[in-house]
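Here's the structure, in structure tokens; my notes come after.
The structure presented is a predicted model; accordingly, all values stated were derived computationally and were not measured.
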Amino acid sequence: MAHPTVPTLAAHGAEIPVIGFGTGMLTGSVGEIVAAALRAGYRHLDAARKYGTEEGVGEGIRAAKIPREKLFITTKVSHENLRPADFARSVDTSLAALGVSHVDLLLVHWPNPQVPLGDTMGALARAKRQGLARHVGVANFNIALLDEAIRLCPEPLVTLQAECHPHLDQTKLLAECRRRGLIFTAYCPLGRGRLLRDPILADIAAHKGRPLAQIALRWLVQQGNIIPIPRSSNPKRMAENLDVFDFALTEDEMKRIAALKRPDGRIADPAGRAPAWD
């Protein structure tokens, strides 16, 4: 079966496939799941040291036998490892677990107010300059922290990764990413399954003759600066989640989905770690 052609988005020299495969909270045989995703056509893999899935991601890459240069691999350094020496050790551990010499994108996973941001941004830039990461970015930063990170990092940031889906209004954060030339990478793009029960999305899906998840993912992709990273262990749904580039939502459908935002829509909000959200 032919794989869908997945376009890329560009920022500061990075070319990132517009759909990624998320590996957070995967259970079971992660290697087999990741290999299935790669066989379904995914080339962008999103990992993190905190997820505990890097070894499985590495196993999946080796099992699928996809050439390394065809892959875009992201991993992240957790908030407890943001001091320079800890940061460097975390990167080395991640590369060993993944079985690669470098990642394509290295992110700070969550901010840590106990560690000077300048120290962390220096360590992030150092990893890039040492050839351990081709590009760098941050995750779960608010706008003020993002601006501070851009100011302090000696290397350009290419993305902000944050939660984004129709139940969570991220229009302000998205606009600020565009203004700074950053790609917005959207985790929880299906609201950890909560969106799959939404009657408006179900109505649009029925009208389009498409799975509901494709409607939610297409809404993100069609905004033009967002890369969703859905997660699934079901090969059929993996393939469906990737197949969102041969149809479009109407302006009215886009507005109906945007109107689904709700004040309690945020899912990832860990106490003591999350910044003051915009």
Can you tell if the side chain of [X] reaches within under 4.5 Å of the side chain of [Y], non-hydrogen atoms only?
X: S101; Y: R68; value: no
X: F245; Y: V18; value: yes
X: V138; Y: L157; value: yes
X: C177; Y: I183; value: no
X: V221; Y: I226; value: no
X: L195; Y: I215; value: no
X: L201; Y: L260; value: yes
X: F21; Y: L26; value: yes

What are the two closest non-hydrogen atoms of [X] and [Y], and how far apart are they?
X: I267; Y: R192; value: CG2-NH1, 3.4 Å
X: D46; Y: K76; value: OD2-NZ, 2.6 Å
X: S232; Y: M238; value: O-CE, 3.4 Å
X: L124; Y: C153; value: CD2-SG, 4.5 Å
X: A186; Y: C164; value: CB-CB, 3.6 Å
X: L173; Y: A162; value: CD2-CB, 4.2 Å

**Request:** Please determine which of E163, K261, R262 meets the side chain to side chain contact (heavy atoms under 4.5 Å, CB included) test together with L168.
**Result:**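 Between L168 and the candidates, side chain to side chain contact (heavy atoms under 4.5 Å, CB included) is satisfied uniquely by E163.
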**Message:** Checking side chain to side chain contact (heavy atoms under 4.5 Å, CB included) between Q222 and each of V244, L249, L217, which is the one that passes?
**Reply:**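 That would be L249.
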Answer yes or no: is there a donor N or O on one side and an acceptor on the other, between the side chain of [X] and the main chain of [Y], under 3.5 Å?
X: D104; Y: H135; value: no
X: R89; Y: D92; value: no
X: N142; Y: P275; value: no
X: S94; Y: S90; value: yes
X: T120; Y: L82; value: yes

Rounded at 0.5 Å granularity, tell me how far [atom1] in [X] sits from [atom2] in [Y].
X: I33; Y: N234; atom1: CD1; atom2: CG; result: 10.0 Å
X: I73; Y: L45; atom1: CD1; atom2: CG; result: 6.0 Å
X: I229; Y: I16; atom1: CD1; atom2: CD1; result: 10.5 Å

**Hydrophobic cluster identity match, L242 and F247, side-chain contacts under 4.5 Å** =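 Looking at the clustering, F247 is in the same group as L242.
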**Message:** If hydrophobic clusters are built by linking Ile, Leu, Val, Met, Phe, Trp and Tyr wherever their side-chain heavy atoms come under 4.5 Å apart, do V34 and Y51 end up in the same one?
**Reply:**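 V34 does not cluster with Y51.
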**Item:** Partner residues of K50 under the side-chain contact (heavy atoms from CB on, under 4.5 Å) criterion, sequence neighbours left out
**Value:**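 Once residues adjacent in sequence are excluded, the partners of K50 under the side-chain contact (heavy atoms from CB on, under 4.5 Å) criterion are S78, H79, E80, H109.
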Are [X] and [Y] within salt-bridge range, i.e. N to O under 4.0 Å?
X: R180; Y: D147; value: yes
X: K172; Y: E176; value: no
X: R151; Y: E148; value: yes
X: E55; Y: R49; value: yes

**Request:** Classify the angle between the aromatic ring planes of F72 and H44 as parallel (below 30°), tilted (30 to 60°) or perpendicular (above 60°).
**Result:**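 The rings of F72 and H44 stand perpendicular, inter-plane angle above 60°.
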**Prompt:** Going by atom types only, do D169 and T171 share a side-chain donor-acceptor pair under 3.5 Å?
**Reply:**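 Judged by distance alone, the side chains do pair up.
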**Request:** Quick one: list whatever passes salt bridge (charged side-chain N to carboxylate O under 4.0 Å, His left out) with R39, sequence neighbours left out.
**Result:**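 Salt bridge (charged side-chain N to carboxylate O under 4.0 Å, His left out) check on R39 returns nothing, list empty.
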Extract all donor-acceptor atom pairs below 3.5 Å that involve side chains of residues 204-214 and protein atoms in other chains or at least two apart in sequence.
from: K208; atom 1: NZ; to: A248; atom 2: O; distance (Å): 2.9
from: K208; atom 1: NZ; to: E253; atom 2: OE1; distance (Å): 3.1
from: R210; atom 1: NH1; to: Q214; atom 2: OE1; distance (Å): 3.0
from: R210; atom 1: NH1; to: D243; atom 2: O; distance (Å): 3.4
from: R210; atom 1: NH1; to: D246; atom 2: OD1; distance (Å): 3.3
from: R210; atom 1: NH2; to: D246; atom 2: OD1; distance (Å): 2.6
from: R210; atom 1: NH2; to: D246; atom 2: OD2; distance (Å): 3.2
from: Q214; atom 1: NE2; to: E240; atom 2: O; distance (Å): 2.9
from: Q214; atom 1: NE2; to: D243; atom 2: O; distance (Å): 3.3

